[in-house]
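Contents: one structure, followed by commentary.
Remember, it's 1-based here, ligands and their atoms both numbered in the order they're listed.
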Amino acid sequence: MSTETKIKEVKTSSDAAESLRGLYVHSLKDIYWAEQSLSKSLPAMIENATTESLKKSLKDQDRETDEQISRLEKVFNIVGEKAEGEKCEAMDGLVKEAKHIMETTEKGSVRDAGIIAASQKIKHYEIATYGILCSFSKTLGYDDVAEILHESLREEKAADQSLTDNAYNDINFEATE
Ligand code: FE
Ligand code: FE
């Protein structure tokens, strides 16, 4: 292999790392915006929920969302980027869907089921995002960041599980018949 080819290869691979970093920073700003948007939407969801277990699950998510926002601020600091959000069209759509469900259903078991469905879509979006961000962090050599984001990933998975296990099982559909 000639020296010239070797230099070219190294350059290409560092360019790729540079553009992966760009995508990575964009993804961090996207989830930062998404968590803040969710934080503003959760109080209405808590207010609309009627079972204690669903209210509790949403309140836990509200508290965790604030912690996840702080964690992201720590991450921005580690990677040397300004903590600022970039609109996440997906989360914007998901919170609009949650709002629409609450506006078009009668308060009670059906609206509760709708809130759970909307929240689970939100959790799945966040699970995918944090999973990708953990993997990008490792690729870019930010192992400490991967660890921090893994904590948020673990919380999102547990929240999804709590919606399935507790909240949904507690809804009494017979009561509406
Ligand atoms: Fe979150
Ligand atoms: Fe997004």
Task: Carboxylate-amine/guanidinium contact D160 K157, below 4.0 Å - done: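 Salt bridge between D160 and K157, a charged N being under 4.0 Å from a carboxylate O: no.
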
TODO: Starting from the Fe ion (ligand 1), count all protein N, O or S atoms within a radius below 2.8 Å.
DONE: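 Considering protein N, O and S only, the Fe ion (ligand 1) has 5 within range.
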
Counting heavy atoms not belonging to [X], are there more than 12 under 6.0 Å from its [atom1]?
X    : atom1 : value
E147 : CD    : no
E47  : CD    : no
K121 : NZ    : no
E106 : CD    : no
K107 : NZ    : yes
H100 : NE2   : no

Open item on the list: Restricting to N/O/S atoms, is T129 within less than 2.8 Å of the Fe ion (ligand 2) or not?
Closed with: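 No N, O or S atom of T129 is closer than 2.8 Å to the Fe ion (ligand 2), so no.
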
TODO: Look at D30 and state whether any of its N, O or S atoms is less than 2.8 Å from the Fe ion (ligand 2).
DONE: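 Of the N, O and S atoms in D30, at least one lies under 2.8 Å from the Fe ion (ligand 2), which means yes.
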
